[in-house]
Amino acid sequence: MTEPGTDITDNDWLNQTGLKPADLARIRAAVMSTGESAVTIIRRLGLLSDEALAQKLALAYKLPLVSLSDFCETDPLDGVLPRNFLQANQACPVDDCGKSIRIAMADPDNKAAIDGIAMTTMKSIEVCIASLGDIESALVRYFGEIDKPDDYTNEILASDSDADHLRDMASEAPVVRLVNDVIAKAARARASDIHIEPFREHLRIRLRIDGVLHETDAPALNMAKLMVSRVKIIAGLDIAERRRPQDGRARVTIDGQSLDLRVATSPNVHGESVVIRLLEDRDTDVSLHDLGLSPENEKLLLDRLAEPYGLILVVGPTGGGKTTTLAGAIGQLNQPGKKVISIEDPVEYQIDGVTQIAVNSAIGLSFANALRSVLRHDPDVIVVGELRDAETAEIAVNAALTGHLVLATLHANTAASAPARLVDMGVDPALLRSTLKLVIAQRLIRLTCKVCKGAEPQKLKCSNCNGTGYCGRSGLFEMIDMREDLLSLIRTGAAAPEFARAAANAGFASLHDDAKARLKAGQTDAEELWRVLGHRIELD
């Protein structure tokens, strides 16, 4: 038998994959805990595509790499090696060379399979490398198709309570590839979320692209349970628990792109629904100039960021772009002479030079607890991802009062409603008057696709925008600079409408005004503004 081209240890070849140290640590830990090969772990975690993994293995083991075109048209061994054996060992004969046989392996370290083939055929084995996809395609060429979904469904129905069995099936290559393909498709479409939703007679998969859900191709309903189980495995969730909601996180590499996934499962009457939030491994700076701010608003924000202390609030609904605005502000403040610390859930933009803390409720690291700790680390600027409760809001306001510049987000509909929202949360109005410098409210709108702009809806065929007529998003903004006359309204307990009228009289543009300017500039259309704001914007 011919052994692989060189005697190599797992650690040696793993170091040649180019994977990040954190991913290598995950692989080695999984190998130790499960006893599975590193190749199986990499494939399961989706850290490399099948093709990239095959190339790395061929290079590391110094073995030839073959593709589907190199396999014979029919089984060169005429069924001597059974299909189930080859399938289980991810192997396939390439050709019969007489005294030797060329065998393609997806995992060249599977020496037991190689020895078994040699004993069965009584021939020497020449090992080569092929991607798992090419091996499976060659097996179909030799043995014909298998109706995999029905086979899986029958197994699930026969052993629904066996979580270990379900885990094994969800880890098999077809299911792994199916889930990876869905995530890859979502990433290519610039989707922010994937929704997997089982119903009585069908499985629905939808992608949220530029804030709007779009239905995409979905497999048969009988694959739903396996897809959900696969996602749970990736996110480290309990696949046996189907009665309670679960939340988890994962880091994967799809098509060479690193993605952080936030996974939420929820039981429903037809199984379990899953939502996967896709967060790119973003470590590039965000420029305030690229957010869509008007020149007046950009200057106002820069002026307030230059102040040594005070509270700046960014408000709006979930998915309104608040985190990106904070990232732009952090980029402006990130200077050698300033200590900037952020508390986020999760950390979406990794910014060099900024100390970033990820909230972790599982270990009791809440926004409030982290904020208390941060104050002992001599910060100049503190960024709080969200003021979720009275305790966090009170600590943030006190930090702004004691000489820190504090930036935070808050769930409020308008800039005018933010002060009252904080007072309702229990913040002392007197402290708020002394600290609040600027309130920014924002929404995200879809921009008209530049390629197919002006085309009739039924003629939209542009791949740039997936036929929607929109490509990319930008922010709508309103800003209220908290001058003395406006701060006095906090003392009198003014409601949001009164605050909004005073801001308008002071000359601050509203979301409606910014939307009107965008419509006039042709950056978007009235239908999109209606969707986002809930009322019509008309030009004079």
Lys/Arg N to Asp/Glu carboxylate O, Arg249 vs Asp345, below 4.0 Å: yes
Please evaluate residues Lys299 and Asp303 with respect to the criterion salt bridge (Lys or Arg N to Asp or Glu O under 4.0 Å), reporting the C-alpha separation (whole Å), side-chain torsions for both, the decisive distance (0.1 Å), and the verdict. CA-CA 6 Å; Lys299 182 179 184 304; Asp303 288 344; 3.0 Å; yes
Quick one: does Val231's side chain get under 4.5 Å of Leu261's, heavy atoms only? no
Check: Asn334 side chain, Asp352 main-chain N or O, donor-acceptor pair, under 3.5 Å: yes
Any sub-3.5 Å donor-acceptor pair from Gln442's side-chain atoms to Gly321's backbone N or O? yes
As an exercise, state the distance from CG of Leu213 to CD of Glu197, rounded to the nearest 0.5 Å. 7.5 Å
Which residue, Thr392, Val427, Val406, Thr402, forms the side-chain contact (heavy atoms from CB on, under 4.5 Å) with Val397? Val427
Check: Asn398 side chain, Glu394 main-chain N or O, donor-acceptor pair, under 3.5 Å: yes
Given the rule in the salt bridge (Lys or Arg N to Asp or Glu O under 4.0 Å) test, do Arg388 and Glu386 qualify, once you have shown the distances and angles that lead to the verdict? CA-CA 6 Å; Arg388 291 182 177 175; Glu386 184 181 343; 3.2 Å; yes
Would you check if His411 and Thr318 make a side-chain contact, meaning some heavy-atom pair closer than 4.5 Å? yes
Looking at Arg536, I'd like to know if its CZ atom is crowded, meaning that more than 12 non-hydrogen atoms belonging to other residues, nucleotides or ligands lie closer than 6.0 Å. yes
State, yes or no, whether a side-chain contact exists between Met482 and Leu311 at a heavy-atom distance under 4.5 Å. no
Output for pair (Thr216 OG1, Leu207 CG), nearest 0.5 Å, gives 5.0 Å
Using a strict threshold of under 4.0 Å (side-chain N to carboxylate O), is an ion pair present between Arg501 and Glu498? no
CD (Glu201) with more than 12 external heavy atoms under 6.0 Å: no
Before you tell me yes or no, could you show the steps for Glu296 and Leu300 under side chain to side chain contact (heavy atoms under 4.5 Å, CB included), namely the whole-Å CA-CA distance, both residues' side-chain angles and the distance that decides it to 0.1 Å? CA-CA 6 Å; Glu296 297 80 11; Leu300 175 57; over 6 Å; no
For His535, does the NE2 atom sit with more than 12 other heavy atoms under 6.0 Å from it, leaving out its own atoms? yes
Given Arg242, Gln246, Lys232, the one that forms side-chain hydrogen bond (donor to acceptor under 3.5 Å, both in side chains) with Glu272: Lys232
Mutual orientation of the aromatic rings belonging to Phe199 and His270 [parallel < 30°, tilted 30-60°, perpendicular > 60°]: tilted
Under the 3.5 angstrom rule, does the side chain of Gln332 hit a backbone N or O of Leu302 as a donor-acceptor pair? no
Atom CD of Glu344 and atom CD1 of Ile330: how far apart are they, to the nearest 0.5 Å? 5.5 Å
Any donor-acceptor pair under 3.5 Å from Ser434 side chain to Ala430 backbone: yes
Test your reading of the model: is there a side-chain donor-acceptor pair from Glu298 to the backbone of Leu288, 3.5 Å cut-off? no
From Asp513, Val314, Leu301, Thr325, residue fulfilling side-chain contact (heavy atoms from CB on, under 4.5 Å) relative to Phe477: Thr325
With rounding to the nearest 0.5 Å, note down the distance linking CG in Leu511 to CG in Asn413. 10.0 Å
Just by distance, with hydrogens left out, do Arg518 and Ser474 show a side-chain donor and acceptor under 3.5 Å apart? yes
Please lay out, stage by stage, how Thr409 and Thr323 fare under the test side chain to side chain contact (heavy atoms under 4.5 Å, CB included). CA-CA 8 Å; Thr409 75; Thr323 300; 5.7 Å; no
Are Asp378 and Lys339 within salt-bridge range, i.e. N to O under 4.0 Å? no
Determine whether a donor-acceptor pair (N or O, by modelled atom type, separation under 3.5 Å) exists between the side chain of His195 and the backbone of Arg206. no
Value rounded to 0.5 Å, distance of CG in Leu431 from CG in Leu401: 6.0 Å
Minimum heavy-atom separation for Ala218 to Leu203, with atom names? CB-O, 3.2 Å
Trace of the side chain to side chain contact (heavy atoms under 4.5 Å, CB included) decision for Leu533 with His512: CA-CA 8 Å; Leu533 298 178; His512 180 96; 5.5 Å; no
Residue pair Asn180 / Arg177, side-chain heavy-atom distance below 4.5 Å: no
With a 3.5 Å cut-off and no angle check, do the side chains of Thr324 and Tyr349 form a donor-acceptor pair? yes
Under 4.5 Å between any side-chain heavy atoms of Arg443 and Pro317, yes or no? yes
Let's go through Leu387 and Leu313 carefully: what are the C-alpha distance in whole Å and the side-chain angles of both, what is the deciding distance for side chain to side chain contact (heavy atoms under 4.5 Å, CB included) to 0.1 Å, and is it a yes or a no? CA-CA 10 Å; Leu387 300 181; Leu313 290 177; 3.9 Å; yes
With a 3.5 Å distance limit and no angle check, can you tell me whether Glu528 reaches the backbone of Arg446 through a side-chain donor-acceptor pair? yes
Any heavy-atom pair between the side chains of Leu19 and Ile27 that's under 4.5 Å? yes
Non-hydrogen side-chain atoms of Leu407 and Leu333 separated by less than 4.5 Å: yes
Do Met227 and Lys225 have side-chain heavy atoms sitting under 4.5 Å apart? no
Which value, rounded to the nearest 0.5 Å, describes the distance between Glu527 atom CD and Ile537 atom CD1? 12.0 Å
